[in-house]
Structures are given as structure tokens and as C-alpha cells.
Amino acid sequence: MKRYETHNCLLCNSSLNESITWKLFLTNTFPKTICLECEQKFELYNPLQEENDIISLYKYNDMMKDFIHRYKFMHDVILAKVFRQQIHEHLAKTKAIIVPIPIHPEKLKERTFAHVDQLLKEANISFEHYLEKITIDTQVGKTRQQRINTPQLFRTSENVDINGKEFLLVDDIYTTGTTMLHAKNTLFEAGAKSVTAFTLIRG
């Protein structure tokens, strides 16, 4: 039996007519949230070789800039649904403990939601908070050298056992790698066995 559900693209508001089948209900396939035209404006990131145990899915092109602006800075939380299928496919089978890059409590009040957590929630990916952000300082607007010289951004959360465990860090965007480096070092210094990383976007 097949039926059609009508809703609108979350990005351009054009009408979507998606076939709802038993396969959709019985598998981990998520209903579409954006139209094909919008989907095709996002560019996949294809590295020439493996890059420091970090996987990134998309390039930071104009379409992605607009998405990030609306999602993070305009607080359009429903946009966390846009990439849930892709995130689920890449993370669902990992055996490592998934740790989202945290947001400082003061920034959380300002933004109203933890953007990386929300991406994982919409993708039905379990995660745990092993890190805490210890500064409201951000990497936005800094030069490469300023980012490299940034003091430690994180500390381990209280009462967590890190020793000998494998972790997968998740963030929305990778630019110079400063944030990931700080997060990796914090976990390694606490005894982590391995730390890899995944980001939605590569700047």
C-alpha cells in the first residue's frame, strides 16, 4: 500500500510530495525534508586522501553558509532535520562513544539549543557528554595564527570514565581544526585509547 504525504521544503518552502511506503516505516529511512533542487546545491566533500581520522560530508559553499546562518544564528532548530539521513548513515554503526563538541552554557542560553546535539538527536544517534566548553571564546573571525594559539577550550566532564575507551567527536564544521585538536587532546590526556572525528561540513 502506498500513500503520499504533502509538506514543504524546509529551505525554500516549495511543495514536497513524497511517497510513504512500508519500507519507510520498517527501515531507518527518514522522510525527505528538502526538495531535489535545494539538495543538489549542497556539494559533497571528497578528500583526496584520509585526513587525520576526520570525516567531513559537505563543502562550505554558499548554500551551506545560508543553512548554517539560519540554523545556528537565526535559531531555526527545525533545520536539524535536513541532514539526518546522511548523519545516521555515517554514524549509526560506529562502536566508538559519540561525543558532540559542547557549547558553553552562556552560549547555550543565547542560542537556545545545542546545535550539534540537535543534529544527532534528529538522526537518532546516541551520544554522551564527556567534554565541557570552558570559554565563551569562539573561532569565528580569528586569523589562522590566532586559532592555532588559542588556549585550551575544553575540560572533561565530572565523574566520567575515559581511560581506555574509543571516542568519535562530532561537530558541525571543520575549518582550521583547532576545536577538534583541543577536544582530542583533552580526551587523550584523560586516557582515551583512540579519538576520531566527524563533521557535517569542511570549511
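Owing to the predicted nature of the structure, the values given are computational and were not obtained by experimental measurement. For reference, positions follow the sequence shown, starting with 1.
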Audit row: Leu79, Phe67, side chain to side chain contact (heavy atoms under 4.5 Å, CB included) steps and yes/no: CA-CA 8 Å; Leu79 295 186; Phe67 168 81; 3.7 Å; yes

CA sep, side-chain torsions, deciding dist, call: Thr175, Met180, side chain to side chain contact (heavy atoms under 4.5 Å, CB included): CA-CA 10 Å; Thr175 48; Met180 281 299 183; over 6 Å; no

Side chain to side chain contact (heavy atoms under 4.5 Å, CB included) assessment of Ile97 paired with Tyr130: CA-CA 9 Å; Ile97 298 169; Tyr130 277 73; 3.7 Å; yes

Lys32 vs Glu39, side chain to side chain contact (heavy atoms under 4.5 Å, CB included): CA-CA, chis, key distance, verdict: CA-CA 10 Å; Lys32 287 280 188 181; Glu39 187 176 334; 3.1 Å; yes

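In this structure the side chain of Val99 never reaches within 4.5 angstrom of the side chain of Val170, judged on heavy atoms. Within the 4.5 Å cutoff, the side chain of Gln85 has no heavy atoms near those of the Thr33 side chain. Residues Leu153 and Ile134 are not in side-chain contact: their nearest non-hydrogen atoms beyond the backbone lie 4.5 Å or more apart. Under the 4.5 Å side-chain criterion, counting only non-hydrogen atoms from C-beta, Leu11 is in contact with Arg70. With contacts defined as side-chain heavy-atom distances shorter than 4.5 Å, the pair Leu57/Arg202 does not qualify. Residues His129 and Pro100 form a side-chain contact, since some pair of their non-hydrogen atoms from C-beta on lies under 4.5 Å apart. Proximity of Gln152 to His182: side-chain heavy atoms (C-beta onward) are separated by under 4.5 Å at one or more points. Contact check for Lys81 versus Ile78: side-chain heavy atoms found under the 4.5 Å cut-off.
The distance from the CZ atom of Phe167 to the NZ atom of Lys184 is 13.5 Å, given to the nearest 0.5 Å. Atom OG1 in Thr112 sits 8.0 Å away from atom CG in Leu108 (nearest 0.5 Å). Rounded to the nearest 0.5 Å, atoms CD1 (Ile125) and CD1 (Ile87) are 8.5 Å apart. Between the NZ atom of Lys41 and the CE atom of Met63 there is a distance of 5.5 Å, given to the nearest 0.5 Å. To the nearest 0.5 angstrom, Leu120 atom CG is 9.5 Å from Gln118 atom CD. Atom-to-atom distance recorded for Ile101:CD1 and Ile103:CD1 is 12.0 Å, nearest 0.5 angstrom.
Hydrophobic cluster membership is shared by Val77 and Ile173, with clusters built from Ile, Leu, Val, Met, Phe, Trp and Tyr side chains linked at under 4.5 angstrom. The hydrophobic clustering, which links ILVMFWY residues whose side-chain heavy atoms are closer than 4.5 Å, places Leu36 and Leu10 apart. Transitive grouping of hydrophobic side chains (ILVMFWY, heavy atoms separated by less than 4.5 Å) brings Phe188 and Phe154 into a common cluster. Residues Leu200 and Met74 do not share a hydrophobic cluster, defined by chaining ILVMFWY side chains whose heavy atoms lie under 4.5 Å apart. Residues Ile201 and Phe73 share a hydrophobic cluster, clusters being chains of Ile/Leu/Val/Met/Phe/Trp/Tyr side chains in contact below 4.5 Å.
Both tests pass for Lys65 against the ring of Tyr60: distance under 6.0 Å to the centre and angle within 45° of the axis.
Minimum heavy-atom separation, Ser56 to Tyr174: OG-CB, 4.4 Å. Heavy atoms only, all atoms of each residue included: Asp172 and Val116 are closest at N-CG2, 4.0 Å. Pairing each heavy atom of Ser157 with each of Glu132, the nearest pair is OG-CG, 3.5 Å. Taking each heavy atom of Lys133 and Thr135 in turn, the nearest pair found is CG-O, 3.2 Å. Shortest non-hydrogen contact noted between Glu166 and Ser194 is CG-OG, 3.2 Å. When every heavy atom of Ile34 is checked against every heavy atom of Cys9, the shortest pair comes out as CA-SG, 3.6 Å.
Judged purely by atom type and a 3.5 angstrom limit, His104 uses its side chain to pair as donor or acceptor with the backbone of Glu106. Put simply, the side chain of Lys109 never gets that close to the backbone of Pro105: no donor and acceptor are under 3.5 Å apart. Using a distance-only test at 3.5 Å, with no hydrogens or angles considered, no donor-acceptor pair links the side chain of His115 to the main chain of Lys72. Under a 3.5 Å cut-off, the side chain of Arg155 and the backbone N or O of Thr186 do not form any donor-acceptor pair.
In this structure, the ring of Tyr71 has its center less than 6.0 angstrom from the ring center of Phe113.
Under the side-chain contact (heavy atoms from CB on, under 4.5 Å) test applied with Phe198, the options Ile55, Ile98, Asp53, Ile54 reduce to a single match, Ile55.
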